[in-house]
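Notes for the one structure printed next.
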Amino acid sequence: MVDLINLVQTLTSPHPLDRYLELVRPTLTLRDMRAEITRVRHSAPGSVTLTLRPTRQWKGHQAGQYVQLGVVIDGVRHTRCYSPVNPEGGRDRHIELTVKAHPGGVVSPFLYHNAVPGMVVDLTPADGMFRLPEPRPERLLLISGGSGITPVLSMLRTLAAESHRGEVVFLHYAKSPAVLPHRAELDAIARRHPNFRIELRHPHRPERIDPGAPWIDLARPKGSGYFDYDELERVAPWFADAQTYVCGPQSLMDAVRKIYQAEQWDDRLHTEEFTLSVAAADAARAHGTVNFSASRVSAENNGATLLEQAESAGLSPEYGCRMGICFSCTAVRRAGCTRNLRTGETDSDPDQPIQLCISAPVGDVDIDI
Amino acid sequence: MTILTETESGPLVLSREQIEELGRELDELRAAIVADLGERDREYLYSIIKAQCGFEIAGRGLMYLGFLPPFWLAAVAALSVSKILDNMEIGHNVMHGQYDWMREPGLNSRVFEWDTVCPADQWKHSHNYLHHTYTNIHNKDRDIGYSVLRMDEAQEWNVLRLGQPLYAFMLMMLFEWGVMGHDLEVEKIVRGERTWPEIEQLILGQWRKAGKQVLKDYLVFPALTGPLFFHTLAGNAAANLVRNVWAFAIIFCGHFPTGVQTFTEEETADETRGEWYIRQMLGSANITGRKLFHIMAGNLSHQIEHHLFPDLPASRYPEMAPTVRALCEKYGLPYNTGTLGKQIGSVWKKIFKLALPPRWVKSEPSPGVIVMRQRKASEAGV
């Protein structure tokens, strides 16, 4: 098949075959993976759940992994990471993504308001080390906060689909029970699997909204209502023998990590960072570290252009006009925020090509040169 | 510092403040367009890509009826249009980074390749960097005559120049190959200023790229038409030729018509942004025409706007042109434009005239401007 594609690409050279196929139908592409949105549900206030049918390149995901979704918004392609929430190994080859609309965000509010069945999006294969191991551990503790629920929900649903015999605790922190997506699925799992314990915390809204739910909905059990050692012992007294998976805001991750580090159980703790791209707080003042990752060179940000800073760090990146017109110095910004000195705009989307000669770092950045 | 420009009607002096003011006004024009970039530009580019693909498929398909002359002609015409769109409105402009803001992986200046024998990376070096940064500066911009032609009086004459109408004709017919060899900088190789590993890399890249193009146009597609092998071969060669002649015409009209200025390194040392803008305006020329003509020219018929804003989508140049023209009028600068006939006639006249020894031809005072840039007003003699 690959040889055949290469043969046909001799004819379409220098363009890839997909450039022609996508004009016929966007999902006809051979190399580039796409997905069509087949169902859109507003499962909870502020969240949207999308069902996607990927093109034939899709090889499935393992519970906990993420995909990158690309959508075009006002002519610009934006890419974001989302963890499928459906169980792994389903036979119908679809994925389900739950997206929380972040105020001030770009992609999530767009999907929340504009996603419709039939829309075609870009998709990458599932990736990430945060996933359920094979064979499944006997005891599992799944902790999440806010929109960090998605990878661990996929784990929970996978374990439920496999009728996991061991003990599973699913502890989720939400702003309020009302904004919790997939309540119906949680209900069903809690009813069907007595060995699965599902607990919800919403310390900001102390009232119990749903006393009839089959899970333990405790606004403030004892103490602060936030994660601490007592809470851990209460929900999973056996946690030292378990594998623990955590995904959520930084404060929650830090709280969990602190306990596991203190007890030296780090090897049993698995975490998934998810960071929202934050706009630069102070673009004018030079601070942070510039990391030229391909050369393994770092330097203090001195506020100059990235081209100048790379040169003063002893590197010799390719450049041309040094005034932003020729694009010779274009390199990929892996992470961090940079400011375009011609337009004054800041941007912090990961893995974006930028022009080094007219870009200055804002805080820590990672440039792939 | 003063820029002194002399027009037909007398000398024109632009103060440093005026130049920087002009620069600011052009920056504002740029910022307004940048802020407006979006869905419209994306749709436009994709509509051109769609048209290009359509013409390409039509052209390749019609070759199967190539034994009938009208179909052979239609096939050549369709394939020519496809190659022209691919090279000019799509390839040239995408590789300028004009659509990098779309973040479309396949339409990024770093990865795009075009349907011609010149490898994209080599072209980007000689064109985007050398030509667009040092536009019309002698000894820096190798596009002044492409090191083959004498296109400016300031270039030295020698007896070999007598053959330059023939060289120009050959360059026109084989334009894609000329573009491919351009980044080798043969004159530097002759002078021994380029190292072998450097040259080797470039030649290897050219071999790979040109090989694929030749294989596709002169072997695989002709073979696919079976008994019509030679019909198709001739048709593909004809389409490449049409593209060559068209690209040559548009590109030569961009910098070589009468009135376009060239500069010396001294004149342009330590340029400010405003001065850079002025050099771009004085060093380029436009071609007038209708919308379809501009599309087929890759909007390089707006060479002045392209040189001011090489990284903005070329389809925006027509709407920027009135502002640029008004600014030129405001500051008394020429805005060199004319029909394709007028501009190409002026180019060929120059090719013939500058082939002759300088003492045989009258050195015409340029009807445009002479730029005399002085660092100190006292030295300028004003």
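Letters A, B, ... mirror the listed sequences (proteins, then strands); counts begin at 1.
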Original post:
Between A:L11, A:T343, A:I325, which shows the greatest number of heavy-atom pairs under 4.5 Å with chain B?
Top reply: A:L11
Original post:
With chain B, which of A:V72, A:D18, A:T10 has the greatest number of heavy-atom pairs at distances under 4.5 Å?
Top reply: A:V72
Subject >> Donor-acceptor under 3.5 Å (B:K212 side chain, A:S13 main chain) >> reply: no
For [X], is it the side chain, the backbone, both, or neither that has a heavy atom closer than 4.5 Å to a heavy atom of chain A?
| X | answer |
| --- | --- |
| B:Q98 | neither |
| B:R40 | neither |
| B:I90 | side chain |
| B:W114 | backbone |
| B:D100 | side chain |
| B:I49 | both |
| B:E43 | neither |
| B:D41 | neither |
| B:D121 | neither |
| B:K50 | both |
| B:R60 | neither |

Original post:
In this structure, which one of A:D349, A:T79, A:D351 forms a side chain to side chain contact (heavy atoms under 4.5 Å, CB included) with B:R103?
Top reply: A:D349
Proximal component of [X], with respect to chain B [non-hydrogen, under 4.5 Å]:
| X | result |
| --- | --- |
| A:D347 | side chain |
| A:E22 | side chain |
| A:E318 | neither |
| A:R342 | side chain |
| A:S328 | side chain |

Quick one, [X] and [Y] - any side-chain contact, counting heavy atoms below 4.5 Å?
| X | Y | answer |
| --- | --- | --- |
| B:F112 | A:H15 | yes |
| B:E39 | A:D74 | yes |
| B:R42 | A:R77 | yes |
| A:P16 | B:E113 | no |
| B:C53 | A:R19 | yes |

Subject >> Contact summary for B:G97 and A:F327, nearest pair of heavy atoms >> reply: O-CZ, 3.7 Å
Original post:
Of the non-hydrogen atoms in A:C326 and B:N128, which two are nearest, and what is the gap between them?
Top reply: CB-O, 3.2 Å
Subject >> Heavy-atom pair count under 4.5 Å with chain A, highest-scoring of B:M95, B:H131, B:R30, B:H132 >> reply: B:R30
